[in-house]
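Accompanying notes for the structure given below.
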Amino acid sequence: MSSVPVSAYLTLALILFCIGLYGALTKRNTVIVLISVELMLNAVNINLVAFSKYGMIPSITGQVFALFAMAVAAAEAAVGLAILIALYRNRKTVNIDEINSMKN
Amino acid sequence: MTFSGELLAFIILAITAVIGGVLLLNLNKVVHMVVALILTFVSIAGIFVMLSAEFVAVVQILIYAGSITIIMLFGIMLTRHRETTEAKGGGLRKILLLLGVLGFAFAVYIGIYNLDLNPQESTLHVNNVEQIGMALYTKYIIPFELTSVVLLVALIGAIVLAKKDDEKEANKE
Amino acid sequence: MENAWIIPLFPLFSFLFLLLFGKKMKETSAYIGIFFTLAAFIYSLVVLFDRFNHPTFKAEANWLSIGDVQLTAGFEVNQLNALMLVIVSLVSFLVHTYSKGYMHGDDRFHIFYAYLGLFTFAMLGLVLSPNLLQTYIFWELVGVGSFLLIGFYFYKEEAKAAAKKAFIMTRIGDVGLLIGMILLFWQVGSFEYDEIFLAVENGAVSAGMITLTAILIFIGAVGKSGQFPLHTWLPDAMEGPTPVSALIHAATMVAAGVYLVAALFPLFTASKTALLTIAVVGAITAIFAASIGLVQTDIKRVLAYSTVSQLGYMMLALGSAGYVAGVFHLMTHAFFKALLFLAAGSVIHAVHTQNIEEMGGLWKKLRLTGPLFLIGTLAISGVPLFSGFFSKDEILIAAWAHGNTALFWLAVVAAFFTAFYMFRLFFMVFTGEARSKMKNVHESPAMMTFPMIVLGILAVVAGYVNTPWFGTFLGDWLVEGNAALGHGHIEGPAWIMIVATIVSLLGIFLAWLMYGKRTLSRDWLSSRAPYTYKLLYNKYYMDELYGVTVVKATKFFSVFLSYIEAFIVEGLVKTVAGIVQGFGKIGSKIQNGQIQTYGTFAFVGLAVLIVIYALTGGYLK
């Protein structure tokens, strides 16, 4: 049995998730916001992998899911960046607080 | 909890990952932030290794620390990045958010700090890649193929989004 | 008789029809109104004759059930109601006809007829009501009709003020009526007249309560019938068109108070105090208004004060247990007073002024109006053989027989006054030399003279249905089958009749001396007793008195309340509104279009929920 308890991994994931969340909701640069979202996804991956080993019934499924999540994250990063470029071309800024076309 | 090499490795990796995250929040230059995040991503790969997920760890390094970070750096290079990114104002919102995040962390921590599931002995570390391959190509074959479709859509979508205005501008001229 | 409920629907239909299509019909709308009121009148006559041979008919339907209490709506045809139906529909029909000529050329001609229809509907509904609640509803509707018609010339400040005054003054009385009604309902558990009478008869209601409710209801009648001290609105109501004055403020609506007392007569007879109150108020009103009428110079105002005075007579009769006398006088008064008003309207129509000092010598010019006015004057003065003589005589006898000697003499003096001021009016308007202004005076069209002729005939003959000489047919019929109403005819000493005759002839003679033959100076009163004259001329300063006391007090109280309104109520409202607005402002600030703000608040909300959940337990325990 491992000397590192599962709750340690979960706590690490929680901390990283919170950092990512805070960054995603406070940073002005859209690139950083996207990266923060990636960080949150990564924290989720840690959880998936940790439970795949230390869950009630250890199974490879958790790791497979982590892989899927990574694939989706990669796709999201690509699309997000494309949107960012399009946006930058139109508004000449990547500051997220200057993008408020949802107002009114 | 006995002190062991594994615990030491976990502590080092965990601290590195958190430091990376904190640097992400506190650095001034956008490029530095992304580089700080590479630190986190690599540490997480280490965590994955500890969790008997060698293949995931490798993919993590390839995709996150490699491609995604590079893509982000490209994004930064392509846009204006010289400015410092500290937001002016919005302090109240930040405090509110900080409280919310801390509350959330506290609540979740209550749930997980004493979690002990008494797991069975796992065999994930034995032929890890082979196990993943078996799972992907048998049980998860349809999601796996669908993932390829998602990637394709993302690829085409990204190209279309990035190209669209170029064409318009070209038409104007 | 079973279909008597249809009678009020005729004028209602006329009202609705004219409301919808009146604008296009202009003056033809008069024929609609005339036709429907004629129909109502004919049907009322049918009902009346039906009632002679059949017992009282009553039909009701459940309207509301509140707990065990059933509120009903329906109609009742008893003697009084049938009689009132005929009076109201007849006068209404005649006034409709008359107005065709009088209102000719008015811009709002059709509206006038619509209002008349509404009023007639309400009045007919009122006299058909079998219970207090329904009576009250129609009572208020009648008030609305009166308000609209007084204020018909709403562009005239006086008319506007008069309409408001009438509405508010009657409302004061209505409050009394409402309270009395509710008290009765509380005691008896029903609004039905029959059940109220039954309860009173069985002693289910304490004597004090009977007195209280009776007086409260009487206050309603005081307001409506212009009795002292709530009479001041009635003279002002003369600002309305003259046909309206004839219909509402002489014949029908103001008689509603008398009708109400008559309809609830068994309740009043159960309390001596209440009866005495009515008698005293009636007598005071009679003499009070008659004395004011002595010196007024506006033709319609003289008639208005005379109306007030005659209504006081009716109240005196009812208060002296003279049920028949009161109702009888109500009927004859409706005819001769409507006649007088219509004749006065005809005079005004001819000379375009209401000031009698500017009139004179009209007898030769108004060949028809003059004699008709004379008939009305003779009738109201109580000259023998005219209708007013018989009904007034009944009242005097009732007052005497009931033992109210003081009130009896007051009534006699009032009769003298009445004869005097009516003939003063007559002589000033119709005799003497014509004034220079009075050119182009011409008789009114047939449309206007016809109703006056009908009323003139009735003013003469209506009295003969109940005379000590030819039988008391009306009286016997009215009290038939209801012992509580008293006797059909009260025997009284013969000298009362002689006294009444002498008094009225004296009044006429004095008026002739002063205004006809001029042997006595016109200024006799104003020169001998200038203060008395002034007092009378200014109507005992009643309006001024109310202005100083009631109005001032009310205004003071209102200002006080308006401060409460402005600072406390408004403050509360503003606080509430401010809180809501504040929330709204915070909310709209959140909606600033930035995705991060939305995310922040969504997440904080979620975090709060999760923290609450974690702290209150139930989390993997």
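Numbered from 1 within each chain, the chains take letters A, B, ... in sequence-line order. Bear in mind that the values here come from a model prediction, so they are computed numbers and not experimental data.
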- Message: Using modelled atom types and a 3.5 Å cut-off, is there a donor and acceptor pairing between side-chain atoms of Lys27(A) and backbone atoms of Leu25(B)?
- Response: yes
- Query: Is it true that a side-chain atom of Gln63(A) and a backbone atom of Ser52(B) form a donor plus acceptor pair closer than 3.5 Å?
  - Reply: yes
Examine whether an atom of [X] lies under 4.5 Å from a heavy atom of chain A, and if so say whether it belongs to the side chain, the backbone or both; otherwise answer neither.
{"X": "Tyr64(B)", "answer": "side chain"}
{"X": "Met50(B)", "answer": "both"}
{"X": "Ile132(B)", "answer": "both"}
{"X": "Val153(B)", "answer": "neither"}
{"X": "Phe10(B)", "answer": "side chain"}
{"X": "Ile63(B)", "answer": "side chain"}
{"X": "Leu24(B)", "answer": "both"}
{"X": "Leu146(B)", "answer": "neither"}
{"X": "Ala17(B)", "answer": "both"}

- Task: Classify the angle between the aromatic ring planes of Phe104(B) and Phe17(A) as parallel (below 30°), tilted (30 to 60°) or perpendicular (above 60°).
- Result: tilted
- Could you tell me how the ring of Tyr140(B) sits relative to the ring of Phe65(A): parallel (under 30°), tilted (30 to 60°) or perpendicular (over 60°)? perpendicular
Distance-minimising heavy-atom pair for [X] and [Y]:
{"X": "Ala71(A)", "Y": "Leu151(B)", "result": "O-CD2, 3.6 Å"}
{"X": "Cys18(A)", "Y": "Ala105(B)", "result": "SG-CB, 3.7 Å"}
{"X": "Ala75(A)", "Y": "Ala154(B)", "result": "CB-CB, 3.5 Å"}

- Residues Met134(B), Ile60(A); criterion side chain to side chain contact (heavy atoms under 4.5 Å, CB included); working and verdict: CA-CA 10 Å; Met134(B) 294 291 283; Ile60(A) 198 74; over 6 Å; no
- Hey, mind stepping through Phe68(A) and Leu136(B) against side chain to side chain contact (heavy atoms under 4.5 Å, CB included) and telling me if it holds? CA-CA 10 Å; Phe68(A) 283 137; Leu136(B) 274 181; 3.8 Å; yes
- Message: Taking side chain as everything from C-beta outward and backbone as N, CA, C, O, which of these in Leu16(A) sits under 4.5 Å from a heavy atom of chain B? Side chain, backbone, both or neither.
- Response: side chain
Top residue by heavy-atom pair count (under 4.5 Å) with chain B, among [options]?
{"options": "Leu41(A), Thr11(A), Ile15(A), Thr30(A)", "answer": "Thr11(A)"}
{"options": "Asn42(A), Val49(A), Val64(A)", "answer": "Asn42(A)"}
{"options": "Val79(A), Leu81(A), Leu39(A)", "answer": "Leu81(A)"}
{"options": "Ile85(A), Val31(A), Leu21(A)", "answer": "Val31(A)"}
{"options": "Leu84(A), Ile46(A), Val72(A), Val6(A)", "answer": "Ile46(A)"}
{"options": "Gly20(A), Ser52(A), Ser7(A), Ala77(A)", "answer": "Ser7(A)"}

- Task: Starting at CG of Asn29(A), measure out to CE of Met33(B) and round the result to the nearest 0.5 Å.
- Result: 7.5 Å
- Begin from the C-alpha positions of Phe48(B) and Asn45(A) and carry the test side chain to side chain contact (heavy atoms under 4.5 Å, CB included) through to its verdict. CA-CA 9 Å; Phe48(B) 286 159; Asn45(A) 278 350; 3.8 Å; yes
- Working for side chain to side chain contact (heavy atoms under 4.5 Å, CB included), residues Ile44(B) and Leu12(A): CA-CA 10 Å; Ile44(B) 290 171; Leu12(A) 173 65; 5.9 Å; no
